[in-house]
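Single-structure report; data block below.
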There are 2 protein chains.
Amino acid sequence: MSYQNEITIKMEFKEAKNKFVQTWGALGSQWGINKTMAQIHALLMVSHEAVSMEDIMEELQISRGNASMNLRALMDWGIVYKEYKAGERREFFTAEKDLDELAVKISRERSKREIKPALKVLKEVSALESDGTAAEKHFVDQTSKLYDFVLKADNMLDKITEYKDNWLAKLVVKIMK
Amino acid sequence: MSYQNEITIKMEFKEAKNKFVQTWGALGSQWGINKTMAQIHALLMVSHEAVSMEDIMEELQISRGNASMNLRALMDWGIVYKEYKAGERREFFTAEKDLDELAVKISRERSKREIKPALKVLKEVSALESDGTAAEKHFVDQTSKLYDFVLKADNMLDKITEYKDNWLAKLVVKIMK
DNA sequence: TTAAAGTTTCAAAAAAAAATGAAAGTTTAT
DNA sequence: ATAAACTTTCATTTTTTTTTGAAACTTTAA
């Protein structure tokens, strides 16, 4: 294989990797996860080896502070880990690569941060003592239904957590029949 | 019941309603749906009767342009409807209040707008002809797995769409056993 | 213990997203 | 056909979110 071909193939790989990282970043922001956080995660997901902060900064063209804060956030979510290499002072990072595990951790985190607090408020407002007007009756009725619905959805996420292995495949089978 | 009490009760209702609208708005933005869009939706969800644009602007303290654009977006999502009242020139708006139907429409829309395009890219990048290095093998492997996973999740959303009635309750039952 | 190597923090800047509002565009009753 | 009543659009402004980068902090090898 010629040197020229080598170069070409490497560039294709880099392009594919970059396309994936960009896409994952865009998808993340549409779902309320910041772009850089999603991009770092994407990068680590497809990296064979643990990556240093320096390399993350270089590949994504971001500042040290940005890299540091988003790595911290990803570690808080439990989907990125620090790794230490013998004889290396620097820290390296790896992503949780098991997709079932990833889904479990993401649902756990979103439930804790967003759904649980919303449920709390729903419970509060649906407890309004209606004065019997149609408007108030409707309000209490709607928010109660919403509370039940969101609670059920949240419980579903909890259950997913318990399954662990391949819950999605099992679920698809169940849902189809 | 005294006038004072009347006032008090009305204020509690207003407060509860406002709290709900604010919370729904905040939850929306955390999930990548703009605050006003989520707030308008929340307002219509708990409103007994169809609401005019004027009233929406008034209640949420937003401009006409903002109200108009977000109502349009909600109608594009298929979760808010226009209503015409006899002898009224103005247009009124109502939300889809059936929560199963609401979930169906939201999943349909997000799948179409966000997941389907991401799947396309995942398919493309996972089709990379690996040159056999560990790095490239890992890349192809990871992105292929991700493609399968996201596809399965997306199919699940499709299936939910077909169920229509009370899919969530049924699903929770299934998942628990 | 120290200084080199690295990481984190956070105030300020930049970028991105959302909201405004006035002008343009529609619709409808007469 | 017209004008009143209402809605939409979009360039500009505002707000919110994200990013930067330099200073402070931490760790570790010698």
Side-chain angles (χ1 to χ4, degrees), chain A residues 21-44 50-77 80-94 110 113-114, chain B residues 21-44 50-77 80-94 110 113-114:
Chain A
V21 169
Q22 295 308 319
T23 304
W24 214 236
L27 195 65
S29 21
Q30 283 177 310
W31 286 81
I33 287 155
N34 102 42
K35 193 183 67 178
T36 305
M37 186 169 156
Q39 286 183 341
I40 293 177
H41 183 247
L43 181 63
L44 295 180
V51 183
S52 70
M53 195 185 285
E54 213 68 38
D55 288 345
I56 292 170
M57 289 163 58
E58 166 68 23
E59 284 224 47
L60 302 180
Q61 289 292 305
I62 56 171
S63 71
R64 189 171 295 284
N66 195 9
S68 171
M69 286 178 99
N70 282 297
L71 279 167
R72 162 118 327 278
L74 285 163
M75 288 188 291
D76 289 348
W77 280 57
V80 160
Y81 315 108
K82 248 187 201 168
E83 231 170 58
Y84 299 94
K85 286 193 183 176
E88 269 279 12
R89 184 85 160 262
R90 287 179 298 169
E91 295 175 343
F92 292 83
F93 301 88
T94 353
R110 296 211 89 154
R113 291 169 201 241
E114 296 145 21
Chain B
V21 168
Q22 296 307 320
T23 303
W24 214 236
L27 195 65
S29 23
Q30 284 177 307
W31 287 80
I33 286 154
N34 101 42
K35 191 183 70 179
T36 306
M37 186 167 156
Q39 286 183 339
I40 294 177
H41 183 248
L43 181 64
L44 295 180
V51 184
S52 70
M53 194 184 288
E54 214 68 38
D55 288 346
I56 293 171
M57 289 163 57
E58 166 68 24
E59 285 224 47
L60 302 181
Q61 290 292 305
I62 57 172
S63 71
R64 189 171 292 288
N66 196 8
S68 171
M69 285 178 100
N70 282 297
L71 279 166
R72 162 118 326 278
L74 286 163
M75 287 189 291
D76 289 347
W77 281 58
V80 160
Y81 315 108
K82 248 186 199 167
E83 229 171 60
Y84 299 95
K85 287 193 183 175
E88 268 279 13
R89 183 86 159 262
R90 285 180 298 169
E91 295 175 344
F92 292 83
F93 300 88
T94 354
R110 296 211 91 156
R113 290 169 202 243
E114 295 144 22

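First the proteins, then the strands, lettered A, B, ... as listed; each starts at 1.
Closest approach of A/F93 to A/I56, counting heavy atoms only: CD1-CD1, 4.4 Å. The shortest non-hydrogen separation linking A/G25 to A/A38 is CA-CB, 3.8 Å. In plain terms, the two heavy atoms of B/A67 and B/M57 that are nearest each other are CB-CG, 3.9 Å. Across all non-hydrogen atoms, the minimal contact from B/E114 to A/W31 is OE1-NE1, 3.0 Å. When all heavy atoms of B/E83 and B/A50 are compared, the pair lying nearest together is OE1-CB, 3.3 Å.
Atom P of nucleotide D/dT8 and atom CG of B/D76 are separated by 11 Å, given to the nearest angstrom. If you measure from atom CE of A/M69 to atom P of D/dA22, you get 17 Å, rounded to the nearest angstrom. Put simply, CG on B/N70 is 13 Å from P on D/dT9, counting in whole angstrom units. Straight-line distance from the CG atom of A/L74 to the C1' atom of D/dT18: 15 Å, rounded to whole Å. Here the P atom of nucleotide D/dT19 and the CE atom of A/M57 are 14 Å apart, to the nearest Å. Note: CZ (B/R72) to P (D/dT7) measures 12 Å, nearest angstrom. Here the P atom of nucleotide D/dT15 and the CG atom of B/L60 are 17 Å apart, to the nearest Å. Taking atom CZ on B/R90 and atom C1' on D/dT8, their separation rounds to 18 Å, with Å as the unit.
The listed nucleotides are D/dT9, D/dT20, D/dT8; the one nearest the side chain of B/R64 is D/dT8.
A/E91 pairs with exactly one of A/K82, A/R72, A/K85 by the salt bridge (charged side-chain N to carboxylate O under 4.0 Å, His left out) rule, that one being A/K82. Applying the side-chain contact (heavy atoms from CB on, under 4.5 Å) test between A/V80 and each of A/N70, A/L74, A/I40 identifies A/L74 as the sole match.
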For nucleotides 27-29 of chain D, give me every protein contact, N/O to N/O, under 3.5 Å, one pair per line with atom names.
| from | atom 1 | to | atom 2 | distance (Å) |
| --- | --- | --- | --- | --- |
| D/dT27 | O2 | A/R89 | NH2 | 3.2 |
| D/dT28 | O4' | A/R89 | NE | 3.4 |
| D/dT28 | O2 | A/R89 | NH2 | 3.3 |

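On the nucleic acid side, DNA chain C contacts chain B at distances under 4.0 Å to non-hydrogen atoms, with the end points of that region at C/dA18 to C/dT28.
No more than 12 heavy-atom neighbours from other residues, nucleotides or ligands sit within 6.0 angstrom of CD on B/E58.
The distance from atom CE of B/M37 to atom CE of B/M69, rounded to the nearest 0.5 Å, is 12.0 Å.
Both A/S68 and A/K35 lie near DNA chain C, and the one whose nearest nucleotide falls closer to the 5' end is A/S68. For the pair A/M37 and B/G65, nearest-nucleotide mapping onto DNA chain D gives the more 5' position to B/G65.
Close to D/dT19, at under 4.0 Å from its OP1 or OP2, lies a side-chain N or O of A/N34.
Using a 4.0 Å heavy-atom distance criterion, A/E91 is classed as a sugar-phosphate-only contact. At a threshold of 4.0 angstrom between heavy atoms, the contacts of A/S29 with the nucleic acid are absent.
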